[in-house]
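To keep things clear, I will list the structure first and then write my remarks on it.
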Amino acid sequence: MFATRFLDIPPLESIGGAVRVPGSKSISNRALLLAGFASGTTAIEGLLHSDDTRVMLEALAVLGCRFETEADRLIVHGIGGRPALEEATLFLGNAGTAMRPLTAALAIAAASTDSSFELRGTPRMHERPIGDLVDALRRLGCKIECLEREGFPPLRVSAGSSGLALEKPIRVRGDVSSQFLSALLLALPLRRDGADATIEVEGALISKPYVEITLALLERFGIDVEREGEQRFRLRGGQAMRSPGTFVVEGDASSATYFIAAGAISAVDAPLRIEGVGSASIQGDIAFVDAVRAMGARVDAGPAWLDVRRNRWPLAAIDLDCNAIPDAAMTLAVLALFAEGPSRLRNIASWRVKETDRLAAMASELRKLGARVAEGADFLEIAPPSSWRAASIATYDDHRVAMALSLAAFNPAAGATPPVPVRIVDPCCVAKTWPDYFETLFSAASTSCGSIPVLAIDGPTASGKGTLANAVAAALGYRYLDSGALYRGAAIAALEAGVEATDECALAALAARLDLHFDADRTLLGERDVSDSLRLESVAAMASRISALPAVRRALLALQLASRRLPGLVADGRDMGSVVFPDAALKVFLTAGTAERADRRHKQLISKGISANIVSLRADLEARDARDRNRSASPLKPAEGALLLDNSALSIEASVDVVLKAWEERRPFDRSPV
Ligand code: DC
């Protein structure tokens, strides 16, 4: 997961291969609630692991559910309709799919007991209305207090005075969020008296497909709901939630929309395969496929897969009532940037009460890219940019804003000149539904090498390049290349094979076959962990000698170039800026005084339990500097235009700040604060 402050996505040129979407959020949280309250044990397969499901799991654990993980299944031991304790406070983050049904479930479960439960969330959750559900539950006889503001969480639900009033239909509004109706449907089987219950929806029901998901899941858990059209739902008394044994969660259709859209824009030579969701889906957002087809893309579908490719180009503009697909419609808003003429997305007022005010958020962020956008009370009209701008996209702690707007990085397809990168501020907000979204995007998307930014940090041995480069890479979410480790790895291979430091041919052959890879914080040579041996002075000495040989350098070049992958690279070494990546966007030449460097190396070795003598270390450093500087192949010298940074008197943090500031000055984004 990208936990950086921002993530710069280079302009992306194509997408292909296959991606698997994570489990559906709506299905996962409903399945967890039902399995958690049901009697019996349920094995859930394909469950989404994300912020929203984590809060549901934590809440259910507080209420007495037990969980076990078995391979990729979660085993849920249900509480049989009765929370194990009478008082608890539940923290539900910003997960509407946890707050609404748990409020209803606990209010109804508490009705004829002495229980009292408090439900809280993030500040944004406390701004999201729940009054219609609270009103419906109160009319039913549940006792609910809004602890801060009437109609909004936090809430306390406790025992009502006189049980539930089920004689009359329970009336609930359907035009603010369908989750209120879903919450009642999921909770009513928990009532203790055997009476029938009827729900009547007031106003037009929005986001209907989500109610279908609720009904489908209730059926799997043994609850039959009789419906009269869309307005009346009847649950006969005496039905209890029962585990279906195994429950398989299908892939998330809303998550799939980002890749369906990416395929429609940029899968040109072959389709992009999306696995985990397809024509058999029970999720409403699968209707996004029809919208994308209407815009001209080609989508072939199997029960649980989709193949998407670009067909008509540019895409046809669209004018669509998006009431049934509010989440997927956010992806359409970004697809509109790639259409011929303005598109209109109608009937999306519910966007205002989602993770953020999505109408305002999408309008403002799309405009930053150069689009012309008209924002109405319940619609958005979007005309594609005539000239694309490199935008820093604010994400409002809203996963869908981040994922949808990331698709703007495919602007080369729209002929953006020049192609522009897209900055996503606070990228980790995608963890709400897809923690690895960006990793998945970068595994499937590609772009020309020159578009992938490189930051080169060169300098003499023990100047602190590695530490600096690592920290800069972590701050930017970029990959990191320690080119010195390649020379050291080749040195280990040479020492072990008994090859002389003068046998250029044999050394080059060894280097060309070098099977060195980096795995989290370990370096592996073949299967072996060589992280510690890499730092040995004997290895460094051999590395210094063999790195003077042009054939060895050539043999290691391909490995270094191959590390230039999305979303970007920070490379450290002696010749990153001068030879390997001459087009690096920023080149830094890092130095420190010899005494300072010898002291740092000494401390580093001692901390690793390797004995060292500072006087000989300094002599070694000087000798190695001289050899690196005077060799004819890639001699150590600042690359042209390099930023010279002497960090003798600087802390690591201060050096990192200098480099990040220089980097920022070279980026094309507007300077709005991030
Ligand atoms: O940075 P380091 O100490 O890990 O480098 C090990 C040796 O490899 C050092 O003697 C210089 C050489 N080297 C090089 O010639 N070119 C690079 N890009 C990186 C390291």
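For ligands, and for the atoms within them, numbers begin at 1 and follow the listed sequence.
- For ligand 1, the atoms sitting less than 4.0 Å from at least one non-hydrogen atom of Lys465 are 1 (O), numbered in the order shown with element in parentheses.
- Aromatic pair Trp434/Phe259: ring centres closer than 6.0 Å.
- At the shortest separation from atom 16 (N) of ligand 1 among protein heavy atoms lies Arg553 NH2, 2.9 Å.
- Using a 4.0 Å cut-off to heavy atoms of Thr461, the atoms of ligand 1 that qualify are 3 (O).
- A donor-acceptor pair under 3.5 Å links the side-chain atoms of Arg309 to the main chain of Asp269, judged by distance alone.
- Taking every heavy atom of Met576 and a limit of under 4.0 angstrom, the matching atoms of ligand 1 come to 18 (N).
- Residue Arg627 places every heavy atom at 4.0 Å or more from ligand 1.
- For atom 12 (C) of ligand 1, the nearest non-hydrogen atom from the set Ala571, Ser547, Gly459 comes from Ser547.
- Polar contact with ligand 1: absent for Asp482 (N/O pair, distance under 3.5 Å).
- Below 3.5 Å of separation, one finds an N or O of Arg631 facing an N or O of ligand 1.
- The backbone N or O of Gly17 lies less than 3.5 Å from no partner atom in the side chain of Arg273, so there is not a single donor-acceptor pair.
- Judged by distance alone, the side chains of Tyr437 and Ser406 do bring a donor and an acceptor atom under 3.5 Å apart.
- Ring-plane geometry between Trp663 and Tyr478 is classed as perpendicular, the angle between the planes exceeding 60 degrees on a 0 to 90 degree scale with a lower cut at 30.
- Within the listing of ligand 1, atoms 18 (N), 19 (C) sit less than 4.0 angstrom from a heavy atom of Gly573.
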Could you tabulate the donor-acceptor pairs under 3.5 Å formed by side-chain atoms of residues 502-511, not counting sequence neighbours?
| residue | atom | partner | partner atom | Å |
| --- | --- | --- | --- | --- |
| Asp503 | OD1 | Ala506 | N | 3.3 |
| Glu504 | OE2 | Ala551 | N | 2.9 |

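- Shortest contact from atom 19 (C) of ligand 1 to any protein heavy atom: Ser483 OG, 3.3 Å.
- If you look at Met542 next to ligand 1, there are no close heavy atoms at all, none under 4.0 Å.
- For the 3.5 Å distance criterion, the side chains of Ser544 and Arg627 qualify, holding a donor opposite an acceptor.
- Close contacts between ligand 1 and Ser544 involve ligand atoms 10 (O) [criterion: under 4.0 Å to a heavy atom].
- Once rounded to the nearest 0.5 Å, the distance linking CG of Asp575 with CD of Gln560 reads 6.5 Å.
- Note: Phe338 and Phe410 fail the aromatic proximity criterion, with ring centroids not under 6.0 Å apart.
- Close contacts of ligand 1 with Ala543, meaning ligand atoms under 4.0 Å from a residue heavy atom, involve 7 (C).
- The N/O atoms of Arg574, backbone and side chain alike, include one that comes under 3.5 Å of an N/O atom in ligand 1.
- Given atom 6 (C) of ligand 1, the protein heavy atom at minimum distance is Arg488 NE, 3.6 Å.
- The nearest heavy-atom contact from the protein to atom 8 (O) of ligand 1 is Tyr487 CB, 3.4 Å.
- Contact annotation for Val580 and ligand 1: no heavy atom of the residue comes within less than 4.0 Å of the ligand.
- Among Asp52, Asp51, Asp397, the single residue meeting the salt bridge (charged side-chain N to carboxylate O under 4.0 Å, His left out) criterion with Lys432 is Asp52.
- Minimum interatomic distance between Val292 and Ala264 (heavy atoms only, all atoms of both residues): CG1-CB, 3.8 Å.
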